[in-house]
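Contents: one structure, followed by commentary.
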Amino acid sequence: VFARLPGRMAEARILRGRGPPDRALVVAEDALANAKHAGLKHTWAGRPLQLLHLEVLREVYEAVSPYDRARRHRLRQRLQRALRDAGRSLRGRALYASALARERGLAAAMDGEPREARRHLDEAVAVAKRAGLALDHMHALAAWGRVGRALGWPRADQATDEALQHRQRL
């Protein structure tokens, strides 16, 4: 199981960029179940897998039609459960705090909770900047700008531009 985890993670990342996100979700959930079964879910190998699972699950949730209420409801419940599990597993891990806060903010924005979304996204930007995590800082700024533009936050365009500048530097 341990030898297959990196390959399954890579497969999920590749599938995430191509085609329907449902297939990437199946691969990510299978890899996470294997890691849990092998006792690796809360180790250095399982933590990035939990974040990948969160990201793919959120992308599937975004891709589902708003008119398919039953499927959106089931996916939202799965996303909340995954956020709760990841929060327990990643608590106190500075390396993952920014990514977890970003995912929580994006999930709150999709649920129509702008205050909670802003609180989590502000936390994601601050934690990434304080920890010196350039890639997470760029992702947090991009998410803050994307949600901010949709919700009419001031300086949202500046955050998006700053994220693009960070991306060009990286």
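None of these values were measured; they are calculated from a predicted model. Along the sequence shown, the residues carry numbers beginning at 1.
Listed by first and then second residue, the ring pair (Phe, Tyr, Trp, His ring centres under 6.0 Å) pairs involving residues 114-138 are His137-His166 (not counting sequence neighbours). Counting only residues at least two apart or on different chains, no ring pair (Phe, Tyr, Trp, His ring centres under 6.0 Å) pair has a member in residues 48-75.
In terms of the side-chain hydrogen bond (donor to acceptor under 3.5 Å, both in side chains) criterion, Arg119 has no residue partners (sequence neighbours excluded). With sequence neighbours left out, the salt bridge (Lys or Arg N to Asp or Glu O under 4.0 Å) criterion links Glu123 to no other residue. The salt bridge (Lys or Arg N to Asp or Glu O under 4.0 Å) test applied to Arg74 returns no partner, not counting sequence neighbours. Qualifying salt bridge (Lys or Arg N to Asp or Glu O under 4.0 Å) partners for Glu113, counting only residues two or more places apart in sequence or in other chains: none. Residues that satisfy the side-chain contact (heavy atoms from CB on, under 4.5 Å) test with Ala109, not counting sequence neighbours, are Ala117, Val147. Among residues two or more places apart in sequence or in another chain, the side-chain contact (heavy atoms from CB on, under 4.5 Å) test is passed with Ala142 by Ala163. Scanning for salt bridge (Lys or Arg N to Asp or Glu O under 4.0 Å) contacts around Arg104 gives an empty result, with sequence neighbours left out. For Gln158, the side-chain contact (heavy atoms from CB on, under 4.5 Å) criterion is met by Arg155, not counting sequence neighbours.
The closest side-chain heavy-atom distance from Leu106 to Arg146 is below 4.5 Å. Looking at Arg78 and Glu29, their side chains come closer than 4.5 Å, going by heavy atoms from C-beta outward.
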Please lay out, stage by stage, how Arg71 and Val60 fare under the test side chain to side chain contact (heavy atoms under 4.5 Å, CB included). CA-CA 10 Å; Arg71 183 158 186 236; Val60 170; 4.0 Å; yes

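Of all the heavy atoms in Ala159 and Trp144, the pair that sits closest is CB-CE3, 3.5 Å.
Taking a 6.0 Å sphere around CZ of Arg169, one finds it holds more than 12 heavy atoms contributed by other residues, nucleotides or ligands.
Salt-bridge annotation for Asp68 and Arg72: absent, with no side-chain N of the basic residue lying under 4.0 Å from a carboxylate O of the acidic one.
Grouping Ile, Leu, Val, Met, Phe, Trp and Tyr residues whose side-chain heavy atoms lie under 4.5 Å apart, directly or via other members, leaves Leu164 alone, with no other cluster members.
Leu141 and Met138 fall into different hydrophobic clusters, defined by Ile, Leu, Val, Met, Phe, Trp and Tyr side-chain heavy atoms under 4.5 Å apart, directly or through other members.
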Side-chain donor-acceptor contacts of residues 128-136 below 3.5 Å, not counting sequence neighbours, with atom names and distances?
none

